[in-house]
Number of protein chains: 2
Amino acid sequence: MRSTGSRTASANKVDLTARLRAAGLRPTRQRIALGKLLFGPHDRHVTAESLHQEAVKVGAHLSLATVYNTLHQFTGAGLLRQVIVDGDKTYFDTNTGDHHHFYYEDEGLLADIPGDHVTIDGLPRPPSGTEIERVEVVVRLKARG
Amino acid sequence: MRSTGSRTASANKVDLTARLRAAGLRPTRQRIALGKLLFGPHDRHVTAESLHQEAVKVGAHLSLATVYNTLHQFTGAGLLRQVIVDGDKTYFDTNTGDHHHFYYEDEGLLADIPGDHVTIDGLPRPPSGTEIERVEVVVRLKARG
DNA sequence: CCAGCACTTTAGAACAATTCTAAGATGTTG
DNA sequence: CAACATCTTAGAATTGTTCTAAAGTGCTGG
Ligand SMILES: [Mn+2]
Ligand SMILES: [Mn+2]
Ligand SMILES: [Zn+2]
Ligand SMILES: [Zn+2]
């Protein structure tokens, strides 16, 4: 359903370069490094800090400010979306399609719930003058007692 | 359904004092002032900052640190719950029952969606070793284009 | 091929929300 | 009321994030 065939294959530099250009972003060393980490075979949920650490670990060296800039630019370009489930940090999600989340509160981890089979009934219609931008379901989990 | 009959009447000092004592909290001047603002006839969504300003406006004078302390103590006592919809600030909700939210992104305002009629189908069962603490639905609204 | 300009990166400062510290104030109890 | 535990609070500290402005890099027109 998602239109990005290249997402499922390991993201190579050519793909990324094209994707960045299409988004109006120059394919810089830093953006390509982050893109490789983000747009691999599986979807991911990262924070700026976690992605920065990961980038450093694979030898890319770039600043945390650049990670923030890049995450926001990718989000603006529709390559990422933000997920807000914790007051202390912002998560960025490579899955921009319709889906929901489990949130492991103890671990601070997100897991996708595909949107396909989830239905939400009985919601009131949006107040006049407004429209729905998105409906988000978060299932908060804790370790079984 | 909620067990707090006193919530619907204007919260008086006697009620609040009892409620605080029951929660193991001394009914101090500050906690009573905040309790009066919070536990009036309607449910409310506040931030520490908004509640502090409101308290100052009605002549109570207490520090922002006390507002934070009190909000957390009230939450621990089950008198409030937190709602996380914005990375920049935490909302506290006097409605501790089962319900969901509209979030006016432009305004930073929350409105309740009663839980009674909303049904969510097709959610996977929680991963083993975990249990669901709560299922939250947030309907993000934007001004109609 | 560049030169040259726009776009990027980044160190470090700045910010905003929240938490912490530790010292003085206040509620409660005998 | 004394005495102690509990509370409050100013101000410092922390954390996640954004901003600033200066140095670096990608791209294009000649
Ligand atoms: Mn914070
Ligand atoms: Mn913040
Ligand atoms: Zn996701
Ligand atoms: Zn609410």
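Residue numbering restarts at 1 for every chain, and letters A, B, ... go by the order of the sequence lines. Please read these numbers as outputs of a predicted model, since none were measured by experiment.
Side-chain proximity of B/H72 to the nucleotides C/dT18, C/dT19, D/dC19 is greatest for C/dT19.
Contact annotation: A/Q73 does not reach the phosphate of C/dC7 (side-chain N/O to OP1 or OP2, under 4.0 Å). Residue B/Y68 has a polar side-chain atom (N or O) positioned under 4.0 Å from OP1 or OP2 of C/dT18. At the phosphate of D/dT9, neither OP1 nor OP2 sits under 4.0 Å from any side-chain N or O atom of B/H61. At C/dT10, one or more side-chain N or O atoms of A/T66 fall inside 4.0 Å of OP1 or OP2 (strictly under the cut-off). Close to C/dT18, at under 4.0 Å from its OP1 or OP2, lies a side-chain N or O of B/T90.
Following rounding to the nearest Å, A/L20 (CG) and C/dT9 (C1') show an atom-to-atom distance of 15 Å. Taking atom CG of residue B/L34 and atom C1' of nucleotide D/dC7, one finds them 13 Å apart after rounding to whole Å. Between A/N69 atom CG and D/dG24 atom C1' the separation is 15 Å, expressed in whole Å. In this structure, B/D88 places its CG atom 10 Å from C1' of D/dG16, rounding to the nearest Å. Regarding B/L25, its CG atom lies at a distance of 11 Å from the C1' atom of D/dC7, rounded to whole Å. Straight-line distance from the CG atom of A/L71 to the C1' atom of C/dT9: 15 Å, rounded to whole Å. With rounding to whole Å, A/I84 atom CD1 is found 14 Å from C/dA17 atom C1'. Put simply, CD on B/Q82 is 13 Å from C1' on C/dA17, counting in whole angstrom units.
B/L109 meets the side-chain contact (heavy atoms from CB on, under 4.5 Å) test with B/Y104, B/E107; sequence neighbours excluded. With sequence neighbours excluded, the residues that form a side-chain contact (heavy atoms from CB on, under 4.5 Å) with A/D98 are A/H100. A search for side-chain contact (heavy atoms from CB on, under 4.5 Å) contacts involving B/T28 returns B/R26, B/Q30, B/R31, not counting sequence neighbours. Residues that satisfy the side-chain contact (heavy atoms from CB on, under 4.5 Å) test with A/P126, not counting sequence neighbours, are A/T130, A/I132, B/L141.
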Treat primed atoms plus P, OP1 and OP2 as sugar-phosphate and everything else as base, then score nucleotides 25-30 of chain D 5' to 3': B for base contact with protein heavy atoms under 4.0 Å, S for sugar-phosphate contact only, - for none. BBS---
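The list of side chain to side chain donor-acceptor pair (under 3.5 Å) pairs with a residue in residues 110-119 of chain A, not counting sequence neighbours, reads A/H45-A/D112, A/N95-A/D112, A/H99-A/D112, A/H101-A/D112. Listed by first and then second residue, the ring pair (Phe, Tyr, Trp, His ring centres under 6.0 Å) pairs involving residues 51-72 of chain B are B/H72-B/F92 (not counting sequence neighbours). Every pair passing side chain to side chain donor-acceptor pair (under 3.5 Å) that includes a residue from residues 131-145 of chain B is listed here, sequence neighbours excluded: A/E136-B/R140, A/R140-B/E136, B/E105-B/R140. The salt bridge (Lys or Arg N to Asp or Glu O under 4.0 Å) pairs that include a residue from residues 52-62 of chain B are B/R44-B/E54, where partners are two or more places apart or lie in different chains.
A heavy-atom distance below 4.0 Å to DNA chain C is reached by none of the residues of residues 46-58 of chain A.
Apart from B/I84 itself, the hydrophobic cluster it occupies contains A/I84, where clustering links Ile, Leu, Val, Met, Phe, Trp and Tyr at side-chain heavy-atom distances under 4.5 Å.
Residues B/D86 and B/Y103 bring a donor and an acceptor atom of their side chains to less than 3.5 Å of each other.
Each of B/Q30 and A/V67 lies near DNA chain C, and the nucleotide nearest A/V67 is the one positioned closer to the 5' end. Judged by closest nucleotide on DNA chain C, A/G24 is the one of B/A65 and A/G24 placed further toward the 5' end.
Taken to the nearest 0.5 Å, the OG1 atom of A/T75 stands 6.5 Å off from the CG atom of A/L71. Taking CG of B/D43 as the start and CG of B/L110 as the end, the distance is 12.0 Å to the nearest 0.5 Å.
Rounded to 10°, the helix from C/dC1-D/dG30 to C/dG30-D/dC1 has 20° between the axis fitted to its first five pairs and the one fitted to its last five.
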